[in-house]
**Q** 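Sharing a structure here in structure tokens format.
In listed order, ligands and their atoms are each counted from 1.
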Amino acid sequence: MKRLIISTLTAALLGSTLGLGQVHAADDIRPRMIRFGYGLNEDSNQGRAVKLLAEEVAKASDGKLKVRTFGSASLGSDDQMQNALIGGAQEMMVGSTATLVGITKEMAVWDTPFLFTDPGQADQVLDGPVGRQIMDKLEEKGLVGLAYWENGFRNVTNSARPIEKFEDFNGIKLRVMPNPVFIDTFKRMGANAVPLPFSELFTALETKAVDGQENPYNTILSSKFYEVQKFLSVTNHVYSPWIVTASKRWWDGLSETEQGIIMAAAQKARDAEREDTRREASQALAALKEHGMQINEVSPEEIQRMREQAQPAIQTVIDAVGQDLFDQVQAEVEKAAP
Ligand code: TK8
């Protein structure tokens with residue numbers, strides 16, 4: 001309130017002494033067009049949440065702030081969009097934290113194999129102080145983090161064979177996100193890990209440039225990977241967050257009111273998205289089976305062997321984020337134990 005009064009006063013003073021007509025006050029809402037890009041289809045958990053965010057922003061701003069949504073990577077791959085945000089050529093996006101590691105290395109902490117065991121635990125850590133601290137690291141690189149959404153626990157699909165133990169990865173060309181921890185983890189499993197942007201994944205599977213990939217059930221369903229993949233192996237090897245980001249260059253030019261509206265919408269969409277994702281995930285296996293996928297659960301003993309095999313990849317995480325931050329996240333995870 002005090003800040004509002006001061007800035008209103010300053011605006012009035014400036015306006016009268018300098019003879020300026022309009023000075024941008026902290027509670028202004030100006031007509032703006034916001035380009036919001038994302039990688040999945042409109043008909044996906046990601047697409048539905050972006051639509052909700054756009055509606056919320058329109059409602060709260062009386063239609064002055066217009067979020068134009070661009071799905072299916074039509075503005076570019078996650079990596080290209082991140083750079084467009086930094087440069088100020090695009091305003092907002094949502095994508096995996098894993099793709100941000102080249103920009104903000106601390107994001108690699110979320111790539112720790114088997115970090116979370118349950119989605120509620122992930123919510124607590126991501127929405128807690130350490131999650132915010134890591135998100136705030138984006139600012140020095142020209143991005144503003146608004147909210148973590150759920151991509152989800154990742155599972156493996158491929159066209160060669162069911163993965164029942166890590167040795168079954170041997171020789172499989174597996175697309176991974178362009179991220180050092182993912183590359184390292186799957187090399188240790190014996191796969192031929194091939195980093196590729198998500199926007200090229202369907203075609204790569206279809207043309208057999210790669211044999212497999214790993215993503216949450218929701219994405220396997222919404223991106224129709226069942227059309228080009230036979231086997232789905234339930235590994236839950238890592239929980240993958242999405243993150244809503246804005247161009248800092250653009251964000252800093254918004255009034256406090258405008259920022260507040262967009263932040264509130266990103267958080268409201270987050271809550272709805274997590275519910276939607278969990279509901280859809282709980283029914284996805286049955287749907288994927290109907291689409292002809294052969295599904296196997298990996299036994300707890302073999303998951304344990306995968307965990308041990310992946311263990312040295314944790315060093316790659318620590319090298320990127322530092323021991324202190326790594327330990328801090330581990331402590332938060334233990335506090336939030338399911
Ligand atoms: C969508 C991606 C996707 C991610 C991946 O743009 O690349 O596999 O899981 O959700 O961010």
**Q** If Ile, Leu, Val, Met, Phe, Trp and Tyr residues are connected whenever their side-chain heavy atoms lie under 4.5 Å apart, and connections chain through other members, are Met177 and Val94 in the same group?
**A**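 In one cluster with Met177: Val94, no.
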
**Q** Would Leu146 and Met81 show up in the same hydrophobic cluster when neighbours are defined by side-chain heavy atoms closer than 4.5 Å?
**A**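 No; tracing contacts between hydrophobic side chains, which count when under 4.5 Å, never links both residues.
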
**Q** Tell me which part of Met93 gets within contact of ligand 1: side chain, backbone, both or neither, using heavy atoms under 4.0 Å.
**A**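 Contact part for Met93 vs ligand 1: neither.
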
**Q** Would one find more than 12 heavy atoms of other residues, nucleotides or ligands at under 6.0 Å from atom CZ of Arg68?
**A** no

**Q** Would Asn151 count as a contact residue for ligand 1, given that I'm defining contact as a non-hydrogen atom of the residue lying under 4.0 Å from a ligand atom?
**A** yes

**Q** Please indicate whether any nitrogen or oxygen in Gln46 is less than 3.5 Å from any nitrogen or oxygen in ligand 1.
**A** no

**Q** Counting non-hydrogen protein atoms only, what is the nearest one to atom 9 (O) of ligand 1? Give residue, atom name and distance.
**A** Asn215 OD1, 2.7 Å

**Q** Hey, is CG on Asp127 packed in by over 12 heavy atoms from elsewhere, all under 6.0 Å?
**A** yes

**Q** For Gln213 and ligand 1, answer yes if some heavy atom of the residue is under 4.0 Å from a ligand atom, otherwise no.
**A**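 No, that is not the case, since the closest heavy atom of the residue is not under 4.0 Å from the ligand.
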
**Q** Using distance alone, determine whether Arg175 and ligand 1 share an N or O pair under 3.5 Å.
**A** yes

**Q** Are any of the N/O atoms in Ser96 less than 3.5 Å from those in ligand 1?
**A** yes

**Q** Below a 4.0 angstrom heavy-atom separation, can you tell me which part of Tyr38, side chain or backbone, both or neither, approaches ligand 1?
**A** neither

